[in-house]
Novice: 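Quick one: the structure is below, and I'll ask about it shortly.
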Amino acid sequence: MTTDIRLQRPAWTAAGRSRRVRVAARLLLVALVPLALFYFGWLLAPERIGQPVLYGLLVAAELFNLAQAIGFWWTCAGERQRRRRVADGPPPAVDVFVPVYDEPAAIVEPTVAAATALRGADVRVWVLDDGHSDTIRALAERHGASYLRRTPREGAKAGNINHALAHADAPYLLVLDCDHVPAPGFLEATLGELEDERVAFVQTPQYYANAGSGEVPAAAWSQQALFFGPIARGKDGHGAMFCCGTNVLFRRAALDAVGGFPADSVTEDFELSIRLHERGWRSRYVPEVLAAGLGPEDMASYVSQQQRWSRGCLGALGAVRRSRLPLRLKLQYALSASYFLSGWTVLIYMSFPVVRILTGAQPLAATTADQFLVHFAPYFGMALLALTWLGGGTYTFKAFALQAASFWIHVQSSVLVLLRRRGRFVVTPKEGVHERQPRAVAPALVLLGVLVGAAVYGLLRDQDPATLNNVAFAALHVCVLLAGVLPALRSAPVATPLARPREAVPA
Amino acid sequence: MTSTLTDRPRTAAPRDERRRRAGPVPAAPVRARRLASEQLAVAGGQLGAGLGNLVFATIAARVLAPGEFAQLAAFLALYLLIHVPAGSLSAGSALSPALAARARRRVLAVGVGVGAVLALLAVPLAGVLQLPAGLLLAAAASGPTAGLLALDRGRLYGLARLPRAVGSLLAEPLVRLTLGIALALVAGPLGAAIAVVVAGWVALAIARLDATGPVAAAPPAGAGATATVTVAFLLLAALQNLDVLLANAVLAGEEAGRFAVLSTFGGAAAFATTTVPLMLLGRRGDRRALHVAVGVAAGLGLAAVAVVAIDPGALVGAAFGERYAAVGGLAVPYLLAMALLGVARVLVAHACASGARTGVLVVLGAGAALQAALVLGAGDAGDVAHATLAATALVTAGAGVLALPRRPALADLAALARRQDVAAVAALTVAGLVVRLLSSRGIWLDEATSIWQAQMPLGELLETLRTVDVHPPLHHLVLWVTVRVAGTGELAVRLPSLLAATALVPVLYAAGRDIYDRRAGLVAAALGTVAPFAVWYAQEARMYALFMLLALLVTWLQVRIMRDGRRRDWAAYTVAAAALVATQYLGLFLIAVQQVAFLAALRHDRRGLRDWLVATAALALLLAPVLAFGQAQFAANEAAGKGFQQVPSQTGGDVAEAGGRPGPYAVLTNVVWAVLGYHGDATMTSLVALWPLLMLLVLALLGRGRSRRTLAIVLAAGVPAVALFALGQLKPFVFEVRYFIGAVPLVLLLVARAATSWSPRRLTQVAVAGIATALLAAGLADQQLNGDNPRVYDFRGALRETAERARPGDVIVYTPAYLNHVVAYYAEGVEARPLGEEPPRPERGGRVFVLASFLDKPQYRDAAAEAVRALDRRHELVDESRYPQIRVWEFER
């Protein structure tokens with residue numbers, strides 16, 4: 001008898017080596033600061049200015065990345081060892097919301113079944129079906145869960161949850177995406193954190209059980225693991241952990257205090273967190289895999305997910321700026337939201353060799369490769385070392401490549417946000433397709449073509465060291481982009497949530 | 001009703017009867033130590049017998065008149081003539097003692113017949129041979145013992161009846177020395193001859209005293225195998241003596257005499273190992289016994305070589321007189337040939353016992369044919385000696401192949417894969433050897449110095465190294481032995497480097513397979529086949545190829561120790577590490593990194609602490625004399641005001657400025673050299689410009705996880721280089737890829753691992769491995785074929801052509817002065833001197849050749865220009881030639 005892979009023991013742990021990470025982060029920071037000063041001191045010298053526009057772009061990109069790097073280190077250094085709290089007293093009532101919108105029953109059913117079996121509370125499971133499916137209704141009835149439909153279906157997931165809030169009245173609310181199967185001990189591990197009356201919500205990791213089923217879910221999971229590992233632990237230490245939309249336990253009173261989920265954002269969870277923190281509520285993060293879900297199976301799903309997140313987070317930058325958050329929290333939110341501007345730096349870096357080959361213009365002047373390497377290489381190496389060490393080795397090259405190849409999503413989102421175009425909430429598909437999806441990566445393919453063309457043109461025209469150097473840079477970018485888009489160019493077998501014999505997910 | 005008595009089953013057979021019916025009990029595996037001690041005990045007896053017989057001959061020469069001693073010597077030659085062919089029967093009876101027992105009557109009959117014939121012909125033969133008939137009758141009396149003694153001694157070897165065997169061996173010289181000397185005093189040569197015959201009978205009697213059954217025996221061999229091994233040993237005996245027989249026919253008298261002396265001398269090495277294969281035959285089927293036998297034979301043979309190599313001229317002169325001292329130059333190669341023959345006998349014995357009858361006879365026949373062909377075309381004793389060396393090498397190699405394990409179970413896929421791997425690695429090794437042989441170039445300065453040093457007597461060599469050199473002595477000692485075995489030709493002096501660099505291929509496979517998996521091993525071997533650096537330094541008579549091999553070995557052993565912690569790995573590591581530092585002092589960096597790694601591992605697991613302490617203490621003991629030597633070198637160089645300054649080095653042109661402090665570009669340059677080899681300046685500049693691709697490599701490491709074994713290899717490769725980079729900020733010349741060349745094979749290993757593990761797709765793995773190999777091959781091709789390679793200094797071309805054109809009275813003047821050794825190497829016989837302050841003045845009719853190199857350095861460029869101008873004022877410039885990095889001007893009065 002085969003069972004869902006989400007029911008298997010997770011192959012990852014969110015728990016960190018708190019003290020060692022803190023010490024390592026501080027040591028790395030101590031090492032990095034002088035290296036950064038050394039590099040930027042050299043970079044920002046007036047005689048370094050080559051073509052002014054290109055130079056300005058380079059400096060902007062480098063400063064942005066420096067800010068992100070320092071932010072990363074600062075966040076990770078905030079990690080604290082928390083003692084796990086266990087709830088006292090009789091089991092409280094907990095509403096469990098499982099929003100559904102046209103997902104297959106095979107995906108939804110294990111979640112509903114597991115939700116009804118949660119221990120440590122008097123659980124009432126609500127299936128919030130915006131898909132209006134009779135199959136889902138029957139599924140809910142089969143497992144003794146409540147079933148809700150609504151019309152009209154406004155506000156996407158946020159609206160769906162807000163509609164359900166009117167029907168539910170438990171003091172605590174657990175929100176689970178329909179693909180995230182909770183462990184039986186989920187509530188036992190999280191309710192204790194809400195004994196502090198100031199805590200509004202407790203977030204737990206979003207673990208992708210299908211990480212091993214393909215290149216896209218593997219790379220996507222690698223990115224997730226970096227966030228739900230050292231970053232989330234660090235944010236928790238800073239008191240800045242934000243809600244991530246699923247696997248999160250709320251205090252109903254906190255939700256009521258802010259009027260429920262904001263329905264005007266595609267990242268309603270991010271905005272909700274800002275509002276809660278603004279009002280003095282606190283958040284917690286429990287670094288324990290208590291639910292297992294499914295990551296994007298194919299490139300189109302991944303792109304859709306990233307587009308929603310980048311639109312939502314970039315769109316929230318204004319809210320962050322306007323918020324009355326303490327400075328530390330404001331910076332944390334700004335860091336998280338502005339991460340989705342990193343695609344611009346990728347575009348800038350990748351354009352430099354093209355411009356140099358085609359026009360001869362370059363951002364830097366009065367320098368040799370030796371000088372550049374002396375100043376840049378230690379800083380670059382230390383930054384990668386920090387990422388590797390603090391990230392616990394979870395961040396892979398494939399994840400990096402996928403992120404780089406998704407640069408256009410950030411660019412597109414930035415433009416749309418600037419143009420104040422409203423985004424549309426699109427549910428990330430939970431099942432992949434096994435066709436090639438070149439359209440999902442079309443912009444990256446275009447840039448690939450430009451880089452290859454420029455490199456070939458450069459080699460045909462001249463083979464002097466300067467040209468070769470820029471061709472090498474172009475080749476570097478081509479390799480990274482290619483690694484990022486390759487999953488979309490290969491047809492892959494569809495991964496089904498089928499696996500080995502039943503093995504319960506431990507609490 | 002049945003009685004229980006009648007119904008009782010028949011009683012079981014007596015225990016002895018049951019055992020007899022079960023057949024011979026297979027022998028329990030014997031430990032290597034016991035096998036070795038058995039071999040050495042019998043070999044000791046053999047040596048003792050030889051020594052005793054030699055002492056007997058020496059004493060007899062003193063007590064007998066010269067004419068009488070000559071008669072005794074003739075008798076002994078006749079005695080040997082009867083006994084040596086019969087000696088091959090020992091092999092047959094060692095293989096099959098039971099068959100030997102059945103052949104006794106026939107052998108006795110033959111022996112009696114031979115004796116009878118000799119007795120009947122004694123009188124006429126006496127006239128022909130100018131010997132007393134009594135001596136011939138005495139020889140006839142030894143006829144029956146010849147075959148029987150061989151049979152019985154062989155039986156003793158086969159049954160491992162060591163006391164009897166050794167007793168029989170020692171009985172002969174004992175009787176000769178006692179009875180023989182006494183009778184010689186009384187009855188002259190006849191008395192001595194009678195004692196020799198009696199000694200043979202006594203030895204036979206002792207051998208026959210063994211009457212009890214077998215202690216342990218391998219399953220009996222068939223008659224065919226027995227006959228084959230007998231014939232094979234007869235052929236081996238012929239191979240041993242064929243050269244001296246033919247040399248007597250083809251060489252002039254004096255030259256033939258020189259070779260006869262050489263043959264007598266060389267016979268010692270072959271004699272020492274006579275019993276080893278015979279002892280092995282009794283343990284056929286036991287591969288451990290084969291390994292021990294090969295080890296003992298090789299050890300005894302090489303020991304003889306080593307003893308003679310100390311001062312062969314003096315030894316030969318002392319033994320045979322000063323007029324033969326010059327033969328000493330051939331003693332080492334000839335003794336090596338005899339040592340190889342000793343090993344070949346062991347392998348032949350094993351091959352015969354394993355059933356490779358036809359192969360054995362083919363190999364031996366081919367060896368004998370080759371030897372005969374070469375000797376018949378020989379012009380002097382040296383040619384004959386080298387002919388024997390070639391023939392014995394061929395026979396040893398052929399017998400070695402035949403001795404390889406055969407017919408692994410095809411059903412065992414792992415064995416099948418391993419067999420395929422062996423074929424692939426063998427092919428890669430051969431290909432690597434061919435590539436290295438084809439990549440020859442002229443001797444470089446450092447090589448010329450090393451060759452000059454290697455030709456010194458040993459003591460003088462060590463003193464020279466101590467006072468003027470900066471390198472440890474191991475490679476120099478290897479070269480010292482090499483020039484005595486193989487001469488000073490280009491190929492000869494580079495043989496150790498060639499072998500070490502070629503050995504990298506199979507060792508890379510073995511290490512890669514053991515540390516990672518067979519794919520990584522195969523790819524590593526493929527990379528090693530065409531790795532430009534490995535090929536370049538295979539053709540340089542310096543320590544770099546050996547250093548690479550040892551660095552790979554110590555790192556491999558380090559990983560094994562950290563994984564398994566076996567004592568034999570610790571022992572091997574200690575020896576290899578000591579050898580590494582004795583090859584190049586900078587190996588200490590690598591050893592230090594490894595010691596830190598061991599300590600770090602011991603922090604978590606103390607179980608290996610004792611072994612580490614023992615190994616470290618042993619390593620310290622082995623390194624103590626090396627480091628003391630280094631300290632003495634440093635002190636001597638400091639006292640001479642030189643310090644460990646830069647020796648003339650080949651530069652990479654402008655890409656990495658020699659003399660300036662190393663920076664990132666120097667790092668990149670050295671990385672390119674290490675991976676892709678040496679190239680012209682333009683190529684290097686272009687390659688270094690591709691440095692952004694290294695960023696890709698660094699990014700590709702993201703998320704690869706941590707592997708202790710890979711980390712160990714990375715640290716072993718990288719830390720010494722980083723340390724030298726740091727040191728290079730103070731002394732720029734130390735940051736040169738030659739000084740951390742040990743990293744090269746480790747990098748190849750890491751590349752192989754990356755190629756076979758970073759992608760799960762087989763096609764990608766093959767593609768990446770293929771691209772990597774192709775890149776290295778392209779680098780190799782450019783390195784070897786591109787005339788712009790600044791590392792190529794064609795001293796060979798320049799000096800050979802100059803020497804060919806030079807006439808008596810001509811002179812070569814050269815700059816810089818340290819070209820002296822390379823000039824002497826290629827222009828031996830032509831007067832040459834360094835460019836001095838005064839311009840050279842050739843004698844009337846003589847010519848001056850000005851040879852200049854390192855013209856990128858102002859002092860040499862200016863000196864050469866000044867000399868050329870000065871000569872141009874008074875002489876006619878006849879010719880000006882350019883060679884890679886060399887210029888030659890020819891002036892005539």
Side-chain angles (χ1 to χ4, degrees), chain A residues 212 215 218-219 221-223 225-226 349 352-353 368-378 380-381 383-385 387-389 391-401 403-404 459 462-484 486 490, chain B residues 653-657 660-672 679-708 710-711 714 718 722 725-726 728-729 735 754 757-761 763-764 767-768 771 775:
Chain A
E215 291 179 276
W221 166 243
S222 180
Q223 296 169 356
L226 184 65
Y349 293 138
F352 282 149
T368 62
D370 223 18
Q371 289 178 351
F372 175 71
L373 285 170
V374 163
H375 293 88
F376 174 72
F380 176 71
L384 278 185
L385 183 64
L387 180 62
T388 305
W389 182 264
T394 54
Y395 194 67
T396 63
F397 173 69
K398 285 283 177 69
F400 168 79
Q403 178 188 343
L459 284 175
D462 199 354
Q463 297 90 41
D464 66 308
T467 304
L468 287 175
N469 187 247
N470 282 278
V471 167
F473 270 113
L476 164 66
H477 298 316
V478 165
C479 290
V480 171
L481 282 177
L482 203 55
L486 215 51
R490 281 199 281 243
Chain B
D654 296 334
V655 177
E657 297 180 17
R661 280 171 31 183
Y665 235 67
V667 171
L668 291 172
T669 305
N670 280 274
V671 168
V672 171
H679 305 279
D681 289 350
T683 306
M684 285 300 300
T685 307
S686 298
L687 287 173
V688 173
L690 299 176
W691 65 260
L693 295 176
L694 286 178
M695 292 174 64
L696 183 63
L697 180 64
V698 172
L699 288 170
L701 291 172
L702 282 173
R704 301 288 341 158
R706 272 186 300 182
S707 155
R708 281 178 65 181
T710 301
L711 185 62
V714 168
V722 169
F725 179 79
Q729 305 305 311
F735 187 67
S757 68
W758 280 9
S759 170
R761 294 168 190 264
L763 192 61
T764 307
V768 171
I771 290 170
L775 275 174

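Below, chains carry the letters A, B, ... as their sequence lines are ordered, and counting in each starts from 1. These values consider heavy atoms only, across backbone and side chains, with no hydrogens, waters or symmetry-generated copies. The structure presented is a predicted model; accordingly, all values stated were derived computationally and were not measured.
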Novice: For A:Phe400, is it the side chain, the backbone, both, or neither that has a heavy atom closer than 4.5 Å to a heavy atom of chain B?
Specialist: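 Contact with chain B: side chain only.
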Novice: Between B:Pro664, B:Ala700, B:Gly663, who has the most heavy-atom pairs with chain A when the cutoff is under 4.5 Å?
Specialist: B:Pro664
Novice: Residues in ring pair (Phe, Tyr, Trp, His ring centres under 6.0 Å) with B:Phe725, at least two apart?
Specialist: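 Partners of B:Phe725 by the ring pair (Phe, Tyr, Trp, His ring centres under 6.0 Å) criterion, ordered by chain and then number, come out as B:Phe735.
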Novice: Flag yes if more than 12 heavy atoms outside B:Leu763 fall under 6.0 Å of its CG atom; otherwise flag no.
Specialist: no
Novice: Relative to chain A, which segment of B:Leu668 carries a heavy atom at a distance below 4.5 Å: side chain, backbone, both, or neither?
Specialist: side chain
Novice: Minimum heavy-atom separation for A:Leu481 and A:Ala404, please, with both atom names.
Specialist: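 Looking at all heavy atoms of both residues, the closest pair is CD2-O, 4.1 Å.
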Novice: If the condition is side chain to side chain contact (heavy atoms under 4.5 Å, CB included), which residues does B:Ser759 pass it with, not counting sequence neighbours?
Specialist: B:Arg761, B:Thr764
Novice: When only pairs under 4.5 Å are counted, which of A:Asn469, A:Thr368, A:Val374 shares the most heavy-atom pairs with chain B?
Specialist: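 Among A:Asn469, A:Thr368, A:Val374, the one with the most close pairs to chain B is A:Asn469.
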Novice: Find out whether A:Leu468 and A:Leu459 are in side-chain contact, i.e. whether some heavy atom of one side chain is under 4.5 Å from a heavy atom of the other.
Specialist: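 In short, these two side chains touch, coming nearer than 4.5 Å.
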Novice: In terms of heavy-atom pairs under 4.5 Å with chain A, which of B:Leu693, B:Leu701, B:Val698, B:Leu699 leads?
Specialist: B:Leu699
